[in-house]
Every structure is written in C-alpha cells, then in structure tokens.
Amino acid sequence: MSLAVPADYILARDACSYGYFLLAPNYWHVPTQTLWRVVELPSGPVRIGISQPGATWRVAKGRALVVSTHRAVGKADRPELARQVTRMLRLDEQPDVLAAFHRLDGRWKRLGSGRLFRSPTMWEDVVKTVTSCNVAWPNTMTMNARLCEVYGAPVPGLGVGAKGLSFPTPETIARQRPLSLRTRCRVGYRDARIVALAKMFVSGEVRPGWFEDPATPDEDVRAALIELPGIGPYAAHNVMQLLGRYGHLPLDSESVRHARTILGFKGPAPRMMKRLERHYAPFGSHKFRSYWLELWDFYQSKRGKAHTWDRETTGRTFTAAMLAG
DNA sequence: GGTAGACCTGGACGC
DNA sequence: GCGTCCAGGTCTACC
C-alpha cells in the first residue's frame with residue numbers, strides 16, 4: 001500500500017522525533033530505516049512496516065510511504081490502516097500550520113522538523129504518558145514492552161514476541177485486575193489508574209473524538225484531562241501536545257535539567273519552572289514544539305541523530321538523566 | 001490554593 | 001552487600 005505525504009515529509013526525521021518511537025510495539029529498524037509495529041484493524045492485528053524510498057533525505061522528501069503488511073489487507077481495512085498511520089506520523093498536519101511555526105521559531109525551518117511522532121490512538125498515547133511519569137526512561141520502555149507481551153494481541157503466524165504483538169486495547173485492560181498489571185507488567189502503583197482509564201475509554205466517558213476535535217477549546221481539553229486518573233499537570237500537557245495542542249509545556253525534571261544546563265538558569269526547581277514558562281511564552285500556541293525540538297536537539301548532539309538509535313542500546317539511554325550518569 | 005509524604009520499580013551511588 | 005536516592009509526577013490529607 002502506498003500513502004501520500006506532505007511535500008516536506010521525511011520519514012526518518014519525522015518518525016524519530018519523539019521518544020515514543022522507541023516504545024513497544026513500535027520498532028525502528030535502523031539498517032532499513034523502517035518503522036515496524038502491529039496495528040489493530042477491523043479484521044484483526046496486522047504487522048506493518050513503513051518505509052520511504054530514497055537513498056538520501058533529499059531524494060526521499062515528499063515521496064509516498066510504502067506500507068507493507070505481513071498478510072493481505074482487504075479493502076475494508078485500508079481506510080482504518082491509513083487513518084492510524086496518518087495519526088502516528090501526523091501526515092494530516094497542514095504545511096501552512098508548520099510554516100507558521102517556522103516563522104515564529106526560525107531555528108527549525110532549515111531542517112524542516114516540527115511533526116512529532118505519536119501513537120495510532122489517543123488511548124495508547126495516554127497510557128504511554130502515564131508509564132513515563134516518575135520513572136527513568138528504561139523503566140518506561142519495560143512497562144510498554146510487558147504490556148504488549150502480556151496483553152497485546154498476537155499476530156497469527158509471527159509467534160509470540162514483542163515485535164509480533166499489538167498494544168493492548170482498552171477493552172482488554174478494562175477486564176484485568178490492577179494487581180495483575182502490577183505483577184506481570186511491573187507498572188507499580190500505576191496499575192489501578194491504568195485499569196480505571198481503560199474502563200473510561202470503553203464506557204465512552206472518555207471520547208477521543210471530543211479531545212481531537214479542533215472545535216473543542218484547549219482549556220476544556222486540559223480541564224478534562226486533569227480529571228483523569230494518573231493524569232496531572234505534566235501528563236495533561238503532554239497528552240495535549242500529542243493531540244496537536246502545543247500551547248502548554250509539560251514541565252518535569254527533564255525540563256529543569258534543560259534549563260540549568262542549556263539555558264543557564266539558576267535557582268530552585270519551582271522558580272526555574274516559572275522562568276521556563278516565561279522563556280517559551282513568545283512561542284505562544286507553538287511553544288511545546290520550540291521547547292521539545294531544543295531538548296531533542298540536545299539529545300541528538302550527545303547521541304547522534306535519532307534515526308540511528310537502536311531501541312535496545314542508545315534508545316534506552318538517551319535522556320539527560322542517563323547521559324549525566 | 002498551597003504543600004509535605006507516600007507511592008512501584010529498578011538502576012546508580014556511596015559506604 | 002546494603003541503604004539511600006531519584007527518575008520525563010500524581011494524589012491525598014492537611015493547613
């Protein structure tokens with residue numbers, strides 16, 4: 001299957017733009033510059049590989065993606081497959097919106113970055129965010145791998161392994177006892193919160209369509225997210241950027257380090273947080289992208305371009321905390 | 001409305 | 001070896 005992309009799209013740059021591309025069931029295969037994962041389609045789980053022809057970025061830029069599947073995918077499945085890939089890679093991000101961001105923050109115009117990787121569903125983004133709170137990055141990777149291994153749907157014919165399993169559906173997680181998640185997936189105290197979230201997605205109490213509707217005001221989305229179990233200010237703002245709402249900063253310990261080491265801020269963390277808000281305020285509704293690309297640029301300056309990171313080695317140790325250690 | 005303390009887990013660190 | 005600390009925070013109970 002072929003999927004058209006915006007004229008400025010480069011898969012290796014835009015898929016490897018946010019840490020979630022390293023979390024199961026996503027798998028970026030460095031030698032072939034291909035993104036593998038299992039997605040859930042109406043006919044069942046399918047493993048897909050997404051690549052972009054072209055020996056160099058200059059050649060690849062704007063060329064249609066090739067989406068391969070491990071089995072034949074019928075016509076009925078194709079719109080859903082396209083929808084999920086489009087969401088992950090933000091192919092529906094309009095070039096004029098990106099251009100507006102580049103006008104405001106010219107540092108990223110030459111490279112063209114600004115589309116940040118996310119999950120095929122809001123559900124997966126929310127769980128990935130909850131599993132990234134109050135833990136070191138390798139632990140987040142473990143939690144996501146185990147969630148897929150224990151509760152993901154196996155793809156027939158591929159055997160059981162993290163690369164042949166889907167991300168668990170909210171329906172599956174909603175049926176589990178919290179203690180089961182805790183012991184089998186090592187999610188710790190996040191167990192009951194994740195199960196509660198799953199139940200809310202299943203019951204319709206959380207409607208992704210409402211959160212993703214551009215007509216829904218940011219502040220309504222923020223208020224609704226904060227009400228969700230396991231979601232505080234940091235997680236709410238992070239889920240917002242994953243929803244394409246970049247006007248709030250998910251400030252955390254990583255931000256404080258960035259402020260201290262790169263921006264040269266001094267003083268206690270709470271004061272630094274306030275100063276960070278002021279620092280990025282000029283970028284308005286685009287401020288997260290300015291902040292994030294700065295952070296991502298720092299990681300890459302230390303560990304090489306993200307599209308060269310192997311999930312099990314560099315991919316486990318790229319955060320500032322790991323670099324410091 | 002602002003703020004200590006507890007909270008799973010696993011790796012790093014100091015002794 | 002073993003205790004302590006803390007990592008891409010959240011939640012509750014207090015004041």
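What's counted below: heavy atoms across the whole structure, side chains too, no hydrogens, waters or symmetry copies. Below, read A as the first sequence line, B as the second, and so on, with proteins coming before strands; counting in each chain starts at 1.
Looking at which nucleotide of DNA chain C each of A/P229 and A/Y18 is closest to, the 5′-most match is held by A/Y18. Summary of the strand contacts: A/Y234 and A/L228 both lie near DNA chain C, and taking for each the nucleotide with the nearest heavy atom, the more 5' one is attributed to A/Y234.
Here the P atom of nucleotide C/dA7 and the CG atom of A/N134 are 9 Å apart, to the nearest Å. The distance from atom CZ of A/R146 to atom C1' of B/dC8 is 13 Å, rounded to the nearest whole Å. Rounded to whole Å, the distance from CE on A/M141 to P on C/dA7 is 19 Å. Atom CE in A/M143 sits roughly 11 Å away from atom P in C/dG9 (whole-Å rounding). Atoms CD1 (A/I194) and P (C/dT10) sit 13 Å apart, rounded to a whole Å. Regarding A/I226, its CD1 atom lies at a distance of 15 Å from the P atom of C/dG9, rounded to whole Å. Between the CG atom of A/N144 and the P atom of B/dG10 there is a distance of 15 Å, given to the nearest Å. For the pair A/Y189 OH and B/dT9 P, the computed distance is 11 Å after rounding to whole Å.
Here the separation of B/dA4 from C/dC6, taken at their P atoms, is 16 Å to the nearest Å.
A/P138 comes within contact range of no nucleotide atom at all, as no heavy-atom separation falls under 4.0 Å. Within 4.0 Å of A/G188, counting heavy atoms only, lies at least one base atom of the nucleic acid. Note on A/D191: nothing from the nucleic acid sits closer than 4.0 angstrom, heavy atoms only. At the heavy-atom level, A/L295 lies nowhere under 4.0 Å from the strands shown.
Annotation: A/H307 is in aromatic contact with A/W57 [ring centroid separation under 6.0 Å].
Contact annotation: A/R186 side-chain N/O to B/dG10 OP1/OP2 distance is under 4.0 Å. At the phosphate of C/dG8, neither OP1 nor OP2 sits under 4.0 Å from any side-chain N or O atom of A/S255.
Across all strands shown, nothing is found opposite C/dG8 as a Watson-Crick or G-U wobble partner with both distances under 3.5 Å. Summarising the base pairing, B/dC8 is matched to no nucleotide, lacking a Watson-Crick or G-U wobble pair whose two defining distances lie under 3.5 Å.
If you run side chain to side chain donor-acceptor pair (under 3.5 Å) between A/R87 and each of A/D125, A/D92, A/T121, only A/D125 comes through.
Residues A/Y280 and A/E294 have side chains that bring a donor and an acceptor to within less than 3.5 angstrom of each other.
No hydrogens or angles were tested; on distance alone, nothing pairs the side chain of A/R182 with the base of B/dC8 as donor and acceptor under 3.5 Å.
Relative orientation of the A/F21 and A/W296 rings is perpendicular, given thresholds of 30° and 60° on the angle between their planes.
Distances from the side chain of A/R190 to the nucleotides C/dC11, C/dG8, B/dC8 place B/dC8 closest.
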Decide side chain to side chain donor-acceptor pair (under 3.5 Å) for A/Q241 and A/N238; before the verdict, give the C-alpha distance in whole Å, the side-chain angles of both, and the deciding distance to 0.1 Å. CA-CA 5 Å; A/Q241 66 88 359; A/N238 197 56; 3.2 Å; yes

